[in-house]
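Naming convention: chains lettered A, B, ... in sequence-line order (proteins, then strands); numbering from 1 in each chain. Predicted, not measured: the structure shown is a model, and the values here were computed from it.
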Amino acid sequence: MNSPLHQQVTESTAFTPWLSVRQRLQLLALEARMDALSLFRTPGFVIPSLIFPVMFYLLFGVLFGQGGQNVYLLASYGCFGVMGPALFNFGVNVANERTQGWLAMKQIAPAPVSAYIFGKICSSLGFALIIIVLLFSVAAIFGGVRLETHIWLGLAAVLMLGTVPFCLFGLWLGLTLSAKAAPATVNLIYLPMAFLGGLWIPIHLLPAALQQFAWALPSYHFSQLAYQVVGVKATATSWPHLLAILLFCLVMVALATRAFRQTTNTRQ
Amino acid sequence: MQPYIEVSQLSKTYGNHLVLDQLDFRLESGEIVAILGANGAGKTTFLQTLLGMLRPDQGQIQLFGQPVSALKQQMSLRGKIGVMLQQASLPGNLTGREHLQLFSAYYPAPMPTADLIANFGLASFIDQRFSTLSGGQQQSLLFALAMVGKPQLLFLDEPTVGLDVAARQAFWQHIRAAAAAGISVILTTHYLEEADQLASRILVLKDGHFIADASPTALKAQSLLRRIDCHSSLDSALVASWPYVRQVEVIGANPSADGEGSQRLLIDSEQPEQTLRQLLALDLALSQLSVQPLSLEHAFLQLTANQGAMA
């Protein structure tokens, strides 16, 4: 065991990286591309994810909206629109890929888990970008929304970055739930979380107790940050919301890491 | 030369069911080992424990001279093995070529995709989505994925379960080609024929133990045995002394109650036709006759008993 040869082997493998930097970058790009391809080839995911936020915006912002709501609703449905795909892409697909043994295959092959998660975050962000472009176009064309360029870009940036906590939330769910239970469970979390976070009905119209409860929801803090960028109905400062989201991310990373260890040690 | 796999005193329980009971096992370079056993015998548990996917209750596992826990950190150790997990499936929306591309990126010097397609007969379906492939095509693709990194050791967990005869034989060709290229293989199966066709060594797993560890040649000799089951008044010791008869078992011997003095005999014979001629000639009242191949389990129990006697 402690022969010089054995030590040599251990040392050389410890100091020689498995893949070159170039190969690692290629791997990251491929993981992202393949995950995006797989995602976009699932009509059952793409169609509702694209249609719902746009349809809600057209219904409540354009057709039945009272004046002055257009910008506010753009931020609301923007949050709602990017949250869902992040939760579903991670929650449902990780659960599926875990259950069908794909994750286990990658773990036995020399595939870094970080690359897998990176690929999924990229495809979720790519999808979020499409929703943002679609929703912004509808808002500008049909909702008559006019914003300064830096505000359009700022809102897009907040919406893009805001998908990350929901990716992490979805990752934890995907590592915990069975493939069968995942779609229903994610829906059961997504829709109430959107509603109670004030994404469908303005938060101040909800009962006081629910307004208090909203503080526990990442969707609430996310939407508050989006409102601040466009300058409507925001609470006074943004840092408590940023802090809350950061804390939420940390908790999710911890939960996902624990769930990951458990699945790799007790898999049947 | 260091063994590729070295296992000592490996035990694993589920609840209070002891699945693996203090197993010792070695696999040397160049061996093709089949772990044979009935469904639920613990073959998959054994393989997954070897791969560090399940934690054993006790025992040591070494792969290429390193503890199995090193698989977690050392990509180079993972790169030495190729694995086909039981009933693993890939995201159905990607094509075979896309899956190969992605898996190739995990290795510093993978086998070229074109070679994989040619070697494992993937050309006709490589650009179809995984979910549209037949069972045999899916298994071929999964085998190609296991081979992408030019492994030294292949783990195949029930690779042909659910395939029809033609697909199974086509799949055997892949395994033979890998073995011919110098790759060692450990595979689990519940098909005796599969183990016989492929393996240089067969281990039979039952009740947590390897009840046999033999070459297919020894196994084949054993599988020629036939079991003659009949009711006869002949003396079991006499029958046992006949040529070709390996063993005679008497069941429910109760001559007085039966009137005829008949008893149930289980006769294991290498030449059942010869033995039957003698039986029928000597006992005209012989009844309830049947002749069957020995069950795998019986063949192996005998095999181990014989080996014990020889040693």
Self-check item: Region of Arg33(A) that comes under 4.5 Å of a non-hydrogen atom in chain B
Solution: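 When you check distances to chain B, only side chain atoms of Arg33(A) fall under 4.5 Å.
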Practice problem: Measure Glu97(A) against the heavy atoms of chain B and call it side chain, backbone, both or neither at under 4.5 Å. | Solution: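 The side chain, not the backbone.
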Quiz item: Which one, Met84(B), Glu98(B), His99(B), Gln86(B), leads in non-hydrogen pairs under 4.5 Å with chain A?
Solution: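 Answer, by heavy-atom pair count under 4.5 Å with chain A: Glu98(B).
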Quiz item: Taking every heavy-atom pair that is under 4.5 Å apart, which of Pro91(B), Pro151(B), Ala70(B) has the most such pairs with chain A?
Solution: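 Among Pro91(B), Pro151(B), Ala70(B), the one with the most close pairs to chain A is Pro91(B).
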Quiz prompt | Distance-only polar pair, side chains of Gln23(A) and Tyr106(B), donor-acceptor under 3.5 Å | solution =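 Judged by distance alone, the side chains do not pair up.
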Given that the side chain runs from C-beta out, which part of [X] has a heavy atom under 4.5 Å from chain A: side chain, backbone, both or neither?
| X | value |
| --- | --- |
| Leu77(B) | neither |
| Gln101(B) | both |
| Leu90(B) | both |
| Phe155(B) | neither |

Exercise. Identify which of Gly101(A), Pro112(A), Ala115(A), Ser38(A) forms the greatest number of heavy-atom pairs closer than 4.5 Å to chain B.
Key: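 Among Gly101(A), Pro112(A), Ala115(A), Ser38(A), the one with the most close pairs to chain B is Ser38(A).
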Self-check item: Test ring-ring contact (aromatic ring centres under 6.0 Å, His included) applied to Tyr190(A) and Phe52(A), Phe166(A), Phe80(A), the passing residue
Solution: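 For Tyr190(A), the ring-ring contact (aromatic ring centres under 6.0 Å, His included) test succeeds with only one of Phe52(A), Phe166(A), Phe80(A), which is Phe80(A).
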Exercise. Hey, could you give me the OG1/CG distance between Thr42(A) and Asn93(A), rounded to the nearest 0.5 Å?
Key: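 Reported to 0.5 Å precision, the distance equals 6.5 Å.
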Quiz item: In Å and rounded to the nearest 0.5 Å, what is the CG to CG distance from Leu122(B) to Leu100(B)?
Solution: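 Interatomic distance, Leu122(B) CG to Leu100(B) CG, rounded to 0.5 Å: 6.5 Å.
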Quiz item: Step by step, would you call Glu28(B) with Arg26(B) a salt bridge (charged side-chain N to carboxylate O under 4.0 Å, His left out)?
Solution: CA-CA 6 Å; Glu28(B) 308 281 349; Arg26(B) 276 167 80 96; 3.1 Å; yes
Exercise. Tell me whether the centres of the aromatic rings in Phe169(A) and Phe90(A) are closer together than 6.0 Å.
Key: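 They do not qualify: ring centres at least 6.0 Å apart.
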Quiz item: Angle class for the Phe210(B)/Phe46(B) ring planes (parallel below 30°, perpendicular above 60°, tilted otherwise)?
Solution: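 It falls in the perpendicular class, over 60°.
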